[in-house]
Visitor: 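Okay, here's the structure, questions in a sec.
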Amino acid sequence: MPDTITSAPASAPETPDGRRWTALVFIAVTQLMTVLDSTIVNIALPAAQHDLGISEADKQWAITAYALAFGGLLLLGGRIADLWGRKRALVTGLVGFALASALGGAAPGEATMFGARALQGVFAALLAPATLSLLTVMFTDTKERARAFGIYGAITGVAGALGLILGGFLTEYLSWRWTFFVNIPFAVVAVTGALSAIREPASSRHRAPLDIPGVLLATTGLAAVVYGFTRVGSAGGPDTLTVSVFVASAVLLLAFVLTEAKVGFPLLPLRVLTERNRAGAYLSLGLAAVPMFGLFLFLTYYLQLVKGYSPVRTGFAFLPMIASMIVGSTQISPRLMTRFPPRLVMAPALLLAAVSMLLLTRLEMGSTYTGLLLPAQVVFGLGTSTALTSAMSLATHGIEPHDAGVASAMVNTSQRAGGAVGTALLNTIAASATTAYLSAHPVGATTPSSHQLLQAQALVNGCTQASWWATGILVLAALTSIVLVNTGVPHSSPSLSHGNATSTMDTEDAAQTPKR
């Protein structure tokens with residue numbers, strides 16, 4: 001049947017849970033912990049590397065192990081949430097994440113630490129879709145949904161930068177081990193709140209056998225994609241093994257799509273992807289994540305290596321971006337989402353973010369924080385948070401209740417894939433530009449200070465070249481939202497409150513809605 005715009009007759013809607021706003025607090029704590037952990041270890045890694053004797057070649061596994069498990073298992077985590085229950089998946093994920101964090105903090109050697117990071121990724125893949133799908137089934141009123149997704153979007157955008165600040169403080173004043181241990185109190189608070197405040201609508205539960213072939217193909221295919229882009233970034237470009245990994249991932253994901261089209265109870269129902277507005281939201285989310293991850297990386301290196309900032313001062317330098325993300329997600333986006341069609345919110349916001357990247361193409365050795373970096377951060381934060389909040393809401397709006405978990409998992413999959421691509425692509429571009437600059441400016445005998453100056457100039461050149469690419473990618477994301485997204489202002493979603501199997505999105509042209 002088509003992913004229609006009209007709704008079929010159904011039973012009386014369930015009364016919204018009066019504790020849903022309290023539940024949102026604990027869902028936000030969970031999301032904060034999950035996203036924060038993607039960046040908090042970065043600043044602590046040099047200290048951990050020294051203490052545990054990790055080699056230069058192996059240090060990337062502290063990041064890669066988490067990314068592989070998280071990215072590869074997201075779809076499975078989303079479907080488990082649909083089949084098993086989102087509240088149960090949330091609590092299980094929180095307990096597992098806390099135990100994995102305790103293991104990482106107490107790690108006696110590199111193998112234990114890498115294993116703990118992989119386990120964190122496993123349980124994060126269960127948590128991320130559970131949190132977003134709980135919002136999807138608990139908040140069905142348009143205005144309430146906009147506010148809830150605004151808060152969720154603010155937490156998602158803020159947590160990455162907050163991880164840099166917290167990581168700097170913990171590493172500088174306590175120990176790198178506390179970048180793991182800090183997750184335990186977050187998890188305890190979230191579990192306690194989830195057990196008492198979260199009530200999942202009974203009509204949103206779904207019982208069906210698990211698609212084992214789909215699980216195997218999706219997990220290995222997505223893990224191969226993440227690993228391939230990670231290798232591109234660490235190796236400075238594609239090599240034979242990297243190309244082989246990408247070919248294998250393409251074959252596995254193609255086999256996954258063919259399998260999902262045939263099985264009775266697919267891991268990822270293709271109807272989730274073939275609805276054009278949802279597909280546009282996923283693609284826009286993935287493209288927007290590319291420069292976001294790259295920005296954190298380049299500004300961190302610029303501030304520490306060129307400007308001489310300490311880890312803590314570097315973290316605080318990102319506070320304006322955090323503040324602007326909060327404003328964009330909780331104040332601007334919720335107001336616009338209830339008044340304008342999504343594409344008229346997403347496209348201008350993404351173009352605004354592109355302007356910030358364009359500003360960073362003017363980055364120089366003598367650039368001041370207040371003169372360039374501050375306005376670039378504020379503009380970027382406002383643009384991306386407004387666009388991403390609207391896109392996340394659109395990606396899960398009107399979804400059938402039993403698909404809410406997997407649709408939410410696709411939101412996270414899009415962002416994780418975009419982040420992996422962004423880190424690898426922009427890092428490769430910057431590294432190549434840096435090397436080219438050094439080759440074009442050969443010097444004879446130099447003093448340590450002049451050599452350091454040349455290295456800093458080359459680094460700045462690499463950052464500006466990557467910023468040009470980031471600008472183009474954000475413009476492409478804006479064009480994608482204009483071309484693919486054609487829905488009108490979303491209204492309430494009765495399908496999520498009493499189990500209708502249809503979407504309530506208003507579209508400008510119903511005839512363009514694709515069939516399943």
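When reading the values below, keep in mind they use all heavy atoms of this one structure, side chains included, and skip hydrogens, waters and symmetry mates.
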Visitor: Hey, can you tell me if Y66 and F97 have their rings parallel, tilted or perpendicular (30° and 60° cut-offs)?
Guide: perpendicular

Visitor: About how many Å separate CG of L474 and CH2 of W469, when rounded to the nearest 0.5 Å?
Guide: 14.0 Å

Visitor: For the pair S467 (side chain) and C463 (backbone), establish whether a donor and an acceptor sit closer than 3.5 Å, ignoring hydrogens and angles.
Guide: yes

Visitor: In sequence, state the C-alpha distance, the side-chain angles, and the governing distance for Q455 and L438, and then conclude on side chain to side chain contact (heavy atoms under 4.5 Å, CB included).
Guide: CA-CA 8 Å; Q455 290 285 345; L438 291 172; 4.0 Å; yes

Visitor: Using modelled atom types only, decide if a donor and an acceptor are shared between the side chain of R86 and the backbone of P129 within a distance under 3.5 Å.
Guide: no

Visitor: One pair to check against side chain to side chain contact (heavy atoms under 4.5 Å, CB included): L253 and L217. What are the steps and the verdict?
Guide: CA-CA 7 Å; L253 293 177; L217 290 170; over 6 Å; no

Visitor: Where do G381 and S385 come nearest, in terms of heavy atoms and distance?
Guide: O-OG, 2.6 Å

Visitor: Distance-only, no hydrogens or angles: does the T464 side chain make a donor-acceptor pair with backbone N or O of N461 under 3.5 Å?
Guide: yes

Visitor: M113 and I54: side chain to side chain contact (heavy atoms under 4.5 Å, CB included), yes or no, with the steps?
Guide: CA-CA 10 Å; M113 180 189 175; I54 301 173; 4.0 Å; yes

Visitor: Could you report the tightest heavy-atom contact between T330 and P334, atom names first, then the distance?
Guide: O-CG, 3.5 Å

Visitor: So do the side chains of M33 and L94 get within less than 4.5 Å of each other, counting heavy atoms only?
Guide: yes

Visitor: Tell me whether S175 contacts the main-chain N or O of T171 through its side chain, where contact means a donor paired with an acceptor under 3.5 Å.
Guide: no

Visitor: Rounded to the nearest 0.5 Å, what's the gap from CH2 on W176 to CG on L174? Could you check?
Guide: 13.5 Å

Visitor: Using every non-hydrogen atom in the two residues, find where A288 and A477 come nearest and quote the distance to one decimal.
Guide: N-CB, 4.4 Å

Visitor: Considering all heavy atoms of both residues, which atom of A281 and which atom of L394 are nearest to each other, and what is their separation?
Guide: CB-CD2, 3.9 Å

Visitor: Does the side chain to side chain contact (heavy atoms under 4.5 Å, CB included) test come out yes or no for V272 and R278, once each step is laid out?
Guide: CA-CA 7 Å; V272 172; R278 198 166 292 121; 4.1 Å; yes

Visitor: With rounding to the nearest 0.5 Å, note down the distance linking OG in S414 to CG in L287.
Guide: 9.5 Å

Visitor: Tell me whether the NZ or CZ atom of R313 lies within the 45° cone about the ring axis of F316 and under 6.0 Å from its centre.
Guide: no

Visitor: Could you tell me which non-hydrogen atom of A187 sits nearest to which non-hydrogen atom of A98, and how far apart they are?
Guide: CB-CB, 3.7 Å

Visitor: What distance do L99 atom CG and N183 atom CG have between them, rounded to the nearest 0.5 Å?
Guide: 11.5 Å

Visitor: Less than 4.5 Å apart, any side-chain heavy atom of F380 and any of S324?
Guide: no

Visitor: Find the distance between CG (L170) and CH2 (W178) and round it off to the nearest 0.5 Å.
Guide: 8.5 Å

Visitor: Any non-hydrogen side-chain atom of L388 less than 4.5 Å from a side-chain atom of L285?
Guide: yes

Visitor: Got F26 and T22 here, is their nearest side-chain heavy-atom distance under 4.5 Å?
Guide: yes

Visitor: Using modelled atom types only, decide if a donor and an acceptor are shared between the side chain of S333 and the backbone of T386 within a distance under 3.5 Å.
Guide: yes

Visitor: Nearest 0.5 Å, please: how far is CG in L76 from CG in L216?
Guide: 9.5 Å

Visitor: Which atoms form the tightest heavy-atom contact between G462 and T434, and what is the distance?
Guide: CA-OG1, 3.7 Å

Visitor: For the side chain of S367 and the backbone of L372, is there at least one donor-acceptor N/O pair under 3.5 Å apart?
Guide: no

Visitor: Determine yes or no for a side-chain-to-main-chain donor-acceptor pair under 3.5 angstrom, with K87 supplying the side chain and A130 the backbone.
Guide: no

Visitor: State, with a plain yes or no, whether a side-chain heavy atom of V182 is found less than 4.5 Å away from one of L166.
Guide: yes

Visitor: Between Q377 (side chain only) and A317 (backbone N and O only), is there a donor and an acceptor less than 3.5 Å apart?
Guide: yes

Visitor: Do the side chains of V245 and L241 get nearer than 4.5 Å, heavy atoms only?
Guide: yes

Visitor: Apply side-chain hydrogen bond (donor to acceptor under 3.5 Å, both in side chains) to the pair S101 and Q120, showing each step before the final yes or no.
Guide: CA-CA 7 Å; S101 298; Q120 283 183 319; 2.9 Å; yes

Visitor: Taking the side chain from S390 and the backbone from A387, do they hold a donor-acceptor pair closer than 3.5 Å?
Guide: no

Visitor: Between R117 (side chain only) and A65 (backbone N and O only), is there a donor and an acceptor less than 3.5 Å apart?
Guide: no

Visitor: Under 4.5 Å between any side-chain heavy atoms of M410 and L74, yes or no?
Guide: no

Visitor: Using a 4.5 Å cut-off on heavy atoms from C-beta on, say whether the side chain of V243 contacts that of F246.
Guide: no

